[in-house]
Amino acid sequence: MYPRFIEHRVREALADTRVVLVCGPRQSGKTTLVEQIAGDDMPFVTLDDATALEAAVNDPVGFVRGFDRIVIDEVQRAPGLILAIKAEVDRDPRPGRFLLTGSADLMTLPLVADSLAGRMSIIRLFPLAQAEIRGARPIFLERAFAGHAPTVGESVVGDALVSAVLAGGYPEALARATWRRRRDWHLDYTEAIVLRDVRDIASIEQLSSMPSLLRVLAERSGQLANYSRIGAPLAMNHVTTRKYVGVFENLFLVQSLPPWHTNALSRLTKSPKLHFLDAGLLAALRGFNPDRLRLERKPFGPLLESFVFGELIKHAGWSDDRLTFSHFRDKEVNEVDVVLENHEGRVVGVEVKAAASVTSADFSGLRRLAEACGERFVLGMVLYDHDRVVAFGGRMFAVPISALW
(Lines give C-alpha, C1' and ligand atoms only; values in the text may rest on other atoms or scores of the structure.)
Protein backbone atom coordinates (compact mmCIF):
# COMPACT_ATOMS: atom_id res chain seq x y z
CA MET A 1 0.00 0.00 0.00
CA TYR A 2 1.32 3.43 -0.91
CA PRO A 3 1.69 6.13 1.79
CA ARG A 4 -0.65 9.11 1.37
CA PHE A 5 0.96 12.25 2.64
CA ILE A 6 -2.32 14.08 3.29
CA GLU A 7 -3.38 11.46 5.84
CA HIS A 8 -2.28 13.66 8.75
CA ARG A 9 -4.54 16.46 7.49
CA VAL A 10 -7.57 14.15 7.49
CA ARG A 11 -6.83 12.98 11.03
CA GLU A 12 -6.33 16.56 12.25
CA ALA A 13 -9.63 17.62 10.69
CA LEU A 14 -11.55 14.74 12.26
CA ALA A 15 -10.29 15.88 15.66
CA ASP A 16 -11.87 19.34 15.45
CA THR A 17 -14.40 19.49 12.59
CA ARG A 18 -17.88 18.00 12.43
CA VAL A 19 -17.77 16.91 8.77
CA VAL A 20 -14.65 15.99 6.79
CA LEU A 21 -14.83 15.54 3.03
CA VAL A 22 -12.05 13.79 1.11
CA CYS A 23 -12.68 14.52 -2.55
CA GLY A 24 -10.83 13.80 -5.75
CA PRO A 25 -11.10 11.80 -8.95
CA ARG A 26 -12.40 8.26 -8.95
CA GLN A 27 -9.74 5.60 -8.36
CA SER A 28 -7.36 8.08 -6.75
CA GLY A 29 -7.35 6.13 -3.47
CA LYS A 30 -9.99 7.96 -1.41
CA THR A 31 -11.82 4.84 -0.23
CA THR A 32 -8.63 3.06 0.75
CA LEU A 33 -7.47 6.09 2.73
CA VAL A 34 -10.69 6.70 4.66
CA GLU A 35 -11.14 3.00 5.45
CA GLN A 36 -7.62 2.96 6.86
CA ILE A 37 -8.31 6.05 8.97
CA ALA A 38 -11.75 4.95 10.17
CA GLY A 39 -10.72 1.37 10.98
CA ASP A 40 -13.31 -0.36 13.12
CA ASP A 41 -14.42 2.86 14.82
CA MET A 42 -16.78 4.05 12.08
CA PRO A 43 -19.18 2.03 9.90
CA PHE A 44 -18.59 2.35 6.16
CA VAL A 45 -21.38 2.81 3.59
CA THR A 46 -20.79 3.34 -0.13
CA LEU A 47 -23.42 4.95 -2.31
CA ASP A 48 -22.10 2.92 -5.24
CA ASP A 49 -24.20 0.18 -3.61
CA ALA A 50 -27.70 0.32 -5.13
CA THR A 51 -29.51 -0.48 -1.88
CA ALA A 52 -27.62 2.11 0.15
CA LEU A 53 -28.13 4.70 -2.58
CA GLU A 54 -31.88 4.13 -2.66
CA ALA A 55 -32.12 4.47 1.12
CA ALA A 56 -30.06 7.68 1.09
CA VAL A 57 -32.10 9.23 -1.72
CA ASN A 58 -35.56 8.25 -0.46
CA ASP A 59 -35.08 9.01 3.24
CA PRO A 60 -31.91 11.05 3.83
CA VAL A 61 -32.94 12.14 7.33
CA GLY A 62 -33.58 8.57 8.45
CA PHE A 63 -30.41 7.41 6.75
CA VAL A 64 -28.07 9.66 8.75
CA ARG A 65 -30.07 9.51 11.98
CA GLY A 66 -29.24 5.85 12.36
CA PHE A 67 -25.51 6.49 12.84
CA ASP A 68 -23.49 8.14 15.59
CA ARG A 69 -20.39 8.35 13.36
CA ILE A 70 -20.11 7.12 9.78
CA VAL A 71 -18.05 7.04 6.62
CA ILE A 72 -20.17 7.74 3.51
CA ASP A 73 -18.40 6.94 0.25
CA GLU A 74 -19.28 8.73 -3.03
CA VAL A 75 -21.64 11.18 -1.34
CA GLN A 76 -22.13 13.18 -4.57
CA ARG A 77 -24.53 10.46 -5.72
CA ALA A 78 -27.11 11.59 -3.13
CA PRO A 79 -26.79 15.38 -2.71
CA GLY A 80 -29.99 15.40 -0.65
CA LEU A 81 -27.95 13.92 2.20
CA ILE A 82 -26.20 17.24 2.72
CA LEU A 83 -29.15 18.98 4.38
CA ALA A 84 -29.76 15.93 6.55
CA ILE A 85 -26.10 15.90 7.62
CA LYS A 86 -26.28 19.64 8.40
CA ALA A 87 -29.30 19.11 10.63
CA GLU A 88 -27.64 16.19 12.40
CA VAL A 89 -24.35 17.96 13.14
CA ASP A 90 -26.20 21.08 14.27
CA ARG A 91 -28.09 18.89 16.73
CA ASP A 92 -24.93 17.12 17.87
CA PRO A 93 -21.82 19.18 16.99
CA ARG A 94 -19.14 16.74 18.13
CA PRO A 95 -16.15 16.68 15.77
CA GLY A 96 -15.46 13.79 13.43
CA ARG A 97 -19.03 12.54 13.09
CA PHE A 98 -19.11 12.33 9.30
CA LEU A 99 -16.20 11.33 7.09
CA LEU A 100 -17.29 11.67 3.47
CA THR A 101 -15.69 10.95 0.13
CA GLY A 102 -16.73 12.44 -3.19
CA SER A 103 -15.60 12.04 -6.78
CA ALA A 104 -16.93 15.47 -7.71
CA ASP A 105 -16.27 18.95 -6.40
CA LEU A 106 -19.28 19.34 -4.13
CA MET A 107 -18.44 22.95 -3.36
CA THR A 108 -19.63 23.92 -6.84
CA LEU A 109 -23.13 23.02 -5.67
CA PRO A 110 -24.73 26.01 -3.85
CA LEU A 111 -26.66 23.65 -1.57
CA VAL A 112 -23.42 22.19 -0.21
CA ALA A 113 -21.47 25.43 -0.02
CA ASP A 114 -24.24 27.17 1.91
CA SER A 115 -25.29 24.27 4.13
CA LEU A 116 -21.93 23.09 5.43
CA ALA A 117 -20.03 26.38 5.53
CA GLY A 118 -18.04 26.40 8.77
CA ARG A 119 -19.01 22.83 9.50
CA MET A 120 -16.91 20.95 6.94
CA SER A 121 -13.22 20.59 6.20
CA ILE A 122 -12.39 19.74 2.57
CA ILE A 123 -9.25 17.78 1.71
CA ARG A 124 -8.44 16.93 -1.90
CA LEU A 125 -6.78 13.65 -2.76
CA PHE A 126 -5.32 13.34 -6.25
CA PRO A 127 -3.66 10.34 -7.87
CA LEU A 128 -0.33 9.33 -6.40
CA ALA A 129 2.54 11.79 -6.46
CA GLN A 130 5.90 10.41 -7.56
CA ALA A 131 7.13 10.88 -3.99
CA GLU A 132 4.30 8.68 -2.69
CA ILE A 133 5.08 6.02 -5.29
CA ARG A 134 8.69 6.03 -4.09
CA GLY A 135 7.74 6.26 -0.40
CA ALA A 136 9.71 9.35 0.68
CA ARG A 137 8.10 12.70 1.43
CA PRO A 138 10.07 15.56 -0.20
CA ILE A 139 10.51 19.13 1.04
CA PHE A 140 10.57 20.69 -2.42
CA LEU A 141 8.14 23.53 -1.66
CA GLU A 142 9.48 24.18 1.82
CA ARG A 143 12.99 24.72 0.46
CA ALA A 144 11.74 26.81 -2.47
CA PHE A 145 9.79 29.24 -0.27
CA ALA A 146 12.76 29.45 2.08
CA GLY A 147 14.79 30.68 -0.90
CA HIS A 148 16.87 27.52 -1.29
CA ALA A 149 17.24 25.43 -4.44
CA PRO A 150 15.60 22.01 -3.98
CA THR A 151 17.88 19.02 -3.49
CA VAL A 152 17.91 15.92 -5.68
CA GLY A 153 17.35 12.49 -4.20
CA GLU A 154 16.65 9.71 -6.68
CA SER A 155 17.74 10.95 -10.10
CA VAL A 156 15.31 10.07 -12.93
CA VAL A 157 16.22 11.26 -16.42
CA GLY A 158 15.74 10.42 -20.08
CA ASP A 159 13.72 7.29 -20.86
CA ALA A 160 13.08 6.66 -17.16
CA LEU A 161 11.45 10.09 -16.86
CA VAL A 162 9.31 9.41 -19.93
CA SER A 163 8.17 6.12 -18.38
CA ALA A 164 7.24 7.81 -15.09
CA VAL A 165 5.21 10.48 -16.88
CA LEU A 166 3.36 7.97 -19.08
CA ALA A 167 2.50 5.80 -16.08
CA GLY A 168 0.66 8.59 -14.23
CA GLY A 169 -0.46 8.23 -10.64
CA TYR A 170 -3.65 6.17 -10.52
CA PRO A 171 -2.93 3.14 -8.29
CA GLU A 172 -4.93 0.76 -10.51
CA ALA A 173 -3.04 1.87 -13.61
CA LEU A 174 0.31 1.46 -11.84
CA ALA A 175 -0.64 -2.13 -10.99
CA ARG A 176 -0.51 -2.92 -14.73
CA ALA A 177 2.86 -4.25 -15.85
CA THR A 178 3.21 -2.54 -19.24
CA TRP A 179 2.45 0.86 -20.71
CA ARG A 180 -0.07 -0.77 -23.10
CA ARG A 181 -2.06 -2.21 -20.20
CA ARG A 182 -1.88 1.15 -18.42
CA ARG A 183 -3.02 2.95 -21.56
CA ASP A 184 -6.00 0.60 -21.85
CA TRP A 185 -6.90 1.19 -18.21
CA HIS A 186 -6.80 4.97 -18.68
CA LEU A 187 -9.02 4.83 -21.76
CA ASP A 188 -11.52 2.50 -20.07
CA TYR A 189 -11.51 4.82 -17.06
CA THR A 190 -12.41 7.91 -19.09
CA GLU A 191 -15.22 6.04 -20.82
CA ALA A 192 -16.67 4.95 -17.48
CA ILE A 193 -16.44 8.48 -16.07
CA VAL A 194 -18.38 9.93 -19.00
CA LEU A 195 -21.03 7.20 -18.99
CA ARG A 196 -21.80 7.38 -15.27
CA ASP A 197 -20.33 10.22 -13.26
CA VAL A 198 -21.15 13.03 -15.68
CA ARG A 199 -24.83 12.11 -15.33
CA ASP A 200 -24.55 12.25 -11.54
CA ILE A 201 -23.45 15.86 -11.36
CA ALA A 202 -24.83 17.66 -14.42
CA SER A 203 -27.61 17.75 -16.97
CA ILE A 204 -25.77 17.37 -20.28
CA GLU A 205 -27.74 17.61 -23.49
CA GLN A 206 -24.85 16.53 -25.72
CA LEU A 207 -23.59 13.64 -23.58
CA SER A 208 -22.39 11.75 -26.67
CA SER A 209 -19.99 14.62 -27.43
CA MET A 210 -18.25 14.48 -24.05
CA PRO A 211 -15.63 11.82 -25.00
CA SER A 212 -14.70 13.82 -28.09
CA LEU A 213 -14.51 17.02 -26.06
CA LEU A 214 -12.15 15.35 -23.61
CA ARG A 215 -9.85 14.38 -26.47
CA VAL A 216 -9.90 17.94 -27.84
CA LEU A 217 -8.96 19.18 -24.37
CA ALA A 218 -6.10 16.69 -24.29
CA GLU A 219 -4.75 18.17 -27.52
CA ARG A 220 -4.79 21.62 -25.89
CA SER A 221 -3.59 20.75 -22.39
CA GLY A 222 -1.21 23.41 -21.14
CA GLN A 223 -2.43 25.99 -23.64
CA LEU A 224 -4.47 29.13 -23.06
CA ALA A 225 -8.17 28.33 -22.82
CA ASN A 226 -10.02 29.57 -25.89
CA TYR A 227 -13.46 28.02 -25.55
CA SER A 228 -14.56 29.00 -29.04
CA ARG A 229 -11.62 27.14 -30.57
CA ILE A 230 -12.02 24.17 -28.24
CA GLY A 231 -15.68 23.76 -29.16
CA ALA A 232 -15.35 24.47 -32.89
CA PRO A 233 -14.49 20.88 -33.99
CA LEU A 234 -17.63 19.69 -32.17
CA ALA A 235 -19.92 22.51 -33.37
CA MET A 236 -20.28 23.78 -29.78
CA ASN A 237 -20.50 27.47 -28.98
CA HIS A 238 -18.19 28.92 -26.35
CA VAL A 239 -20.90 29.02 -23.66
CA THR A 240 -21.70 25.31 -24.00
CA THR A 241 -18.04 24.41 -24.27
CA ARG A 242 -17.19 26.29 -21.10
CA LYS A 243 -20.06 24.61 -19.25
CA TYR A 244 -18.98 21.14 -20.36
CA VAL A 245 -15.31 21.79 -19.57
CA GLY A 246 -16.52 22.82 -16.12
CA VAL A 247 -18.02 19.36 -15.69
CA PHE A 248 -14.62 17.78 -16.32
CA GLU A 249 -13.12 20.20 -13.82
CA ASN A 250 -15.72 19.19 -11.24
CA LEU A 251 -14.73 15.55 -11.80
CA PHE A 252 -11.05 16.42 -11.21
CA LEU A 253 -9.92 15.41 -14.68
CA VAL A 254 -8.75 18.88 -15.73
CA GLN A 255 -8.00 22.06 -13.83
CA SER A 256 -8.04 25.69 -14.87
CA LEU A 257 -4.89 27.63 -14.03
CA PRO A 258 -5.76 31.35 -13.77
CA PRO A 259 -3.44 34.10 -15.00
CA TRP A 260 -1.19 35.85 -12.50
CA HIS A 261 -1.89 39.56 -12.19
CA THR A 262 -0.48 42.63 -10.52
CA ASN A 263 -1.09 46.36 -10.65
CA ALA A 264 2.58 46.80 -11.52
CA LEU A 265 2.00 45.36 -15.00
CA SER A 266 -0.96 46.17 -17.24
CA ARG A 267 0.00 44.14 -20.30
CA LEU A 268 -0.67 40.64 -19.00
CA THR A 269 -2.78 37.94 -20.57
CA LYS A 270 -6.16 37.44 -18.92
CA SER A 271 -6.79 33.90 -20.17
CA PRO A 272 -6.45 30.81 -17.97
CA LYS A 273 -4.64 27.66 -18.98
CA LEU A 274 -6.19 24.20 -18.84
CA HIS A 275 -4.19 21.27 -17.51
CA PHE A 276 -4.97 17.59 -17.10
CA LEU A 277 -4.33 16.54 -13.52
CA ASP A 278 -2.84 13.16 -14.44
CA ALA A 279 -0.17 12.88 -17.12
CA GLY A 280 -0.80 9.18 -17.69
CA LEU A 281 -4.43 9.87 -18.53
CA LEU A 282 -3.39 12.74 -20.79
CA ALA A 283 -0.80 10.59 -22.58
CA ALA A 284 -3.35 7.85 -23.24
CA LEU A 285 -5.83 10.33 -24.73
CA ARG A 286 -3.06 11.79 -26.89
CA GLY A 287 -1.95 8.36 -28.10
CA PHE A 288 1.60 8.79 -26.81
CA ASN A 289 3.88 5.81 -26.22
CA PRO A 290 7.53 5.46 -25.13
CA ASP A 291 8.84 4.77 -28.64
CA ARG A 292 7.16 7.84 -30.12
CA LEU A 293 8.39 10.15 -27.38
CA ARG A 294 11.90 8.76 -27.78
CA LEU A 295 11.86 9.76 -31.45
CA GLU A 296 9.82 12.96 -31.12
CA ARG A 297 10.84 15.02 -28.11
CA LYS A 298 8.68 18.03 -28.98
CA PRO A 299 5.30 16.46 -27.99
CA PHE A 300 6.81 15.58 -24.61
CA GLY A 301 7.00 19.26 -23.59
CA PRO A 302 3.28 19.93 -23.00
CA LEU A 303 2.88 16.49 -21.42
CA LEU A 304 5.76 17.18 -19.04
CA GLU A 305 4.34 20.60 -18.13
CA SER A 306 1.02 19.04 -17.09
CA PHE A 307 2.94 16.35 -15.19
CA VAL A 308 4.87 18.97 -13.20
CA PHE A 309 1.71 21.01 -12.57
CA GLY A 310 0.00 17.90 -11.18
CA GLU A 311 2.98 17.11 -8.95
CA LEU A 312 3.01 20.64 -7.54
CA ILE A 313 -0.74 20.52 -6.84
CA LYS A 314 -0.19 17.30 -4.87
CA HIS A 315 2.74 18.78 -2.94
CA ALA A 316 0.58 21.77 -2.01
CA GLY A 317 -2.10 19.40 -0.70
CA TRP A 318 0.10 18.12 2.09
CA SER A 319 1.96 21.39 2.70
CA ASP A 320 1.23 23.30 5.89
CA ASP A 321 1.18 26.51 3.85
CA ARG A 322 -1.82 27.74 1.87
CA LEU A 323 -0.74 28.21 -1.73
CA THR A 324 -2.40 29.68 -4.78
CA PHE A 325 -1.47 28.68 -8.33
CA SER A 326 -1.41 30.73 -11.52
CA HIS A 327 0.56 31.19 -14.73
CA PHE A 328 2.38 34.27 -16.02
CA ARG A 329 2.31 35.57 -19.57
CA ASP A 330 2.78 39.13 -20.79
CA LYS A 331 2.07 40.67 -24.19
CA GLU A 332 5.68 40.07 -25.23
CA VAL A 333 5.07 36.36 -24.57
CA ASN A 334 7.40 36.16 -21.60
CA GLU A 335 5.96 33.17 -19.76
CA VAL A 336 6.22 31.24 -16.52
CA ASP A 337 4.41 27.90 -16.52
CA VAL A 338 3.45 27.86 -12.83
CA VAL A 339 3.47 30.70 -10.30
CA LEU A 340 3.04 29.71 -6.66
CA GLU A 341 2.15 32.29 -4.01
CA ASN A 342 1.81 31.67 -0.29
CA HIS A 343 -0.47 33.42 2.21
CA GLU A 344 2.26 35.98 2.93
CA GLY A 345 2.41 36.98 -0.74
CA ARG A 346 5.82 35.38 -1.36
CA VAL A 347 6.21 34.09 -4.92
CA VAL A 348 8.03 31.12 -6.48
CA GLY A 349 8.12 30.68 -10.25
CA VAL A 350 8.50 27.34 -12.05
CA GLU A 351 9.25 26.92 -15.74
CA VAL A 352 9.34 23.44 -17.31
CA LYS A 353 11.72 22.39 -20.08
CA ALA A 354 11.78 18.93 -21.66
CA ALA A 355 15.50 19.08 -22.44
CA ALA A 356 18.79 18.16 -20.80
CA SER A 357 20.25 21.68 -21.05
CA VAL A 358 19.22 25.15 -19.90
CA THR A 359 20.40 28.55 -21.13
CA SER A 360 20.07 32.05 -19.72
CA ALA A 361 17.30 32.76 -22.25
CA ASP A 362 15.11 30.13 -20.58
CA PHE A 363 14.82 32.45 -17.55
CA SER A 364 13.34 35.44 -19.43
CA GLY A 365 9.82 34.91 -18.11
CA LEU A 366 11.06 34.28 -14.58
CA ARG A 367 13.11 37.47 -14.65
CA ARG A 368 10.09 39.45 -15.81
CA LEU A 369 8.03 37.93 -13.02
CA ALA A 370 10.77 38.77 -10.51
CA GLU A 371 10.76 42.40 -11.65
CA ALA A 372 7.00 42.62 -11.19
CA CYS A 373 7.11 41.02 -7.74
CA GLY A 374 10.07 42.89 -6.32
CA GLU A 375 10.97 41.72 -2.81
CA ARG A 376 8.08 39.25 -2.83
CA PHE A 377 9.91 37.09 -5.38
CA VAL A 378 11.69 34.28 -3.56
CA LEU A 379 12.98 31.86 -6.19
CA GLY A 380 12.80 31.03 -9.88
CA MET A 381 13.39 27.53 -11.25
CA VAL A 382 13.64 25.97 -14.68
CA LEU A 383 12.93 22.27 -14.17
CA TYR A 384 14.79 20.21 -16.73
CA ASP A 385 15.71 16.64 -17.70
CA HIS A 386 19.05 16.37 -15.90
CA ASP A 387 20.53 15.34 -12.55
CA ARG A 388 22.34 18.53 -11.50
CA VAL A 389 21.27 21.81 -9.87
CA VAL A 390 22.88 24.83 -11.57
CA ALA A 391 22.78 28.41 -10.22
CA PHE A 392 22.07 31.16 -12.77
CA GLY A 393 22.29 34.12 -10.37
CA GLY A 394 19.58 36.45 -9.10
CA ARG A 395 17.71 33.71 -7.19
CA MET A 396 17.44 31.62 -10.38
CA PHE A 397 18.29 27.93 -10.67
CA ALA A 398 18.13 25.11 -13.18
CA VAL A 399 16.72 22.19 -11.17
CA PRO A 400 16.26 18.53 -12.15
CA ILE A 401 12.64 17.45 -12.46
CA SER A 402 13.39 14.56 -10.12
CA ALA A 403 13.92 17.11 -7.32
CA LEU A 404 10.14 16.87 -7.02
CA TRP A 405 10.66 13.56 -5.28
Side-chain angles (χ1 to χ4, degrees), residues 2 4-6 23-30 103 105 123-134 137-138 140-141 144 150 156 161-174 182-183 185-186 189-190 193 214 217-218 220-223 225 245 248-258 272-286 288 293 299-319 323-327 336-340 348-354 381 383-385 399-405:
Y2 298 104
R4 304 314 303 260
F5 297 149
I6 69 158
C23 61
R26 276 194 181 270
Q27 297 295 328
S28 60
K30 302 184 300 297
S103 296
D105 188 351
I123 299 163
R124 290 177 171 82
L125 180 70
F126 296 105
L128 291 159
Q130 291 297 308
E132 292 173 317
I133 294 170
R134 290 164 170 79
R137 178 173 170 171
F140 180 90
L141 291 180
V156 178
L161 178 62
V162 170
S163 295
V165 172
L166 289 177
Y170 286 97
E172 284 290 329
L174 292 169
R182 290 169 179 167
R183 175 202 60 194
W185 184 90
H186 286 118
Y189 172 85
T190 57
I193 291 290
L214 196 60
L217 289 174
R220 301 183 67 86
S221 183
Q223 299 181 26
V245 170
F248 289 134
E249 288 189 73
N250 291 346
L251 292 171
F252 303 104
L253 297 180
V254 300
Q255 183 161 323
S256 176
L257 183 63
K273 280 186 174 183
L274 289 171
H275 277 289
F276 272 70
L277 283 166
D278 185 78
L281 189 66
L282 173 58
L285 290 167
R286 293 288 304 271
F288 291 151
L293 293 178
F300 188 52
L303 182 63
L304 187 63
E305 183 182 337
S306 286
F307 169 80
V308 169
F309 173 71
E311 290 292 301
L312 292 172
I313 287 286
K314 296 164 191 174
H315 281 233
W318 66 67
S319 171
L323 303 178
T324 59
F325 284 70
S326 57
H327 75 93
V336 178
D337 293 326
V338 185
V339 180
L340 301 96
V348 169
V350 177
E351 180 71 11
V352 183
K353 187 176 182 183
M381 292 177 279
L383 299 187
Y384 73 133
D385 185 6
V399 176
I401 291 167
S402 52
L404 288 164
W405 55 86

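Hydrogens, waters and symmetry mates are skipped; everything else that's a heavy atom, side chains included, is used. As the structure is a prediction and not an experimental result, all values here were calculated from the model.
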[X] and [Y]: which non-hydrogen atoms are nearest, and at how many Å?
X	Y	result
G222	S306	N-OG, 4.4 Å
A354	F300	CB-CD2, 3.8 Å
P150	V399	CD-CG2, 4.2 Å
K314	L128	NZ-O, 3.1 Å
L282	A218	CD1-O, 3.5 Å
A131	P138	CB-CD, 3.3 Å

Residue list, ring pair (Phe, Tyr, Trp, His ring centres under 6.0 Å) with W318, at least two apart or on another chain: F5, H315
For Y384, ring pair (Phe, Tyr, Trp, His ring centres under 6.0 Å) partners two or more places apart: H386
[X]: partners by side-chain hydrogen bond (donor to acceptor under 3.5 Å, both in side chains), with sequence neighbours left out:
X	result
R4	E132
E172	R176
S103	K30, E74

[X] (side chain) donor-acceptor with [Y] (main chain) under 3.5 angstrom:
X	Y	value
Y170	G280	no
E311	Q130	yes
E351	D337	yes

With rounding to the nearest 0.5 Å, note down the distance linking [atom1] in [X] to [atom2] in [Y].
X	Y	atom1	atom2	value
I313	R124	CD1	CZ	9.5 Å
D385	S402	CG	OG	8.5 Å
I401	L304	CD1	CG	4.0 Å
L174	I133	CG	CD1	4.5 Å
L253	R26	CG	CZ	11.5 Å
L340	S326	CG	OG	8.0 Å

Criterion side chain to side chain contact (heavy atoms under 4.5 Å, CB included) on E305 and K273, from CA distance to verdict: CA-CA 11 Å; E305 183 182 337; K273 280 186 174 183; 3.0 Å; yes
Does a side-chain heavy-atom distance below 4.5 Å link [X] with [Y]?
X	Y	value
L303	R286	no
H275	F325	no
S256	L274	yes
L217	F276	yes
S28	F252	no
L404	L312	yes

Which residues share a side chain to side chain contact (heavy atoms under 4.5 Å, CB included) with T190, sequence neighbours left out: L214, L281, L285
Side chain to side chain contact (heavy atoms under 4.5 Å, CB included) evaluation trace for L293 with L166: CA-CA 10 Å; L293 293 178; L166 289 177; 3.9 Å; yes
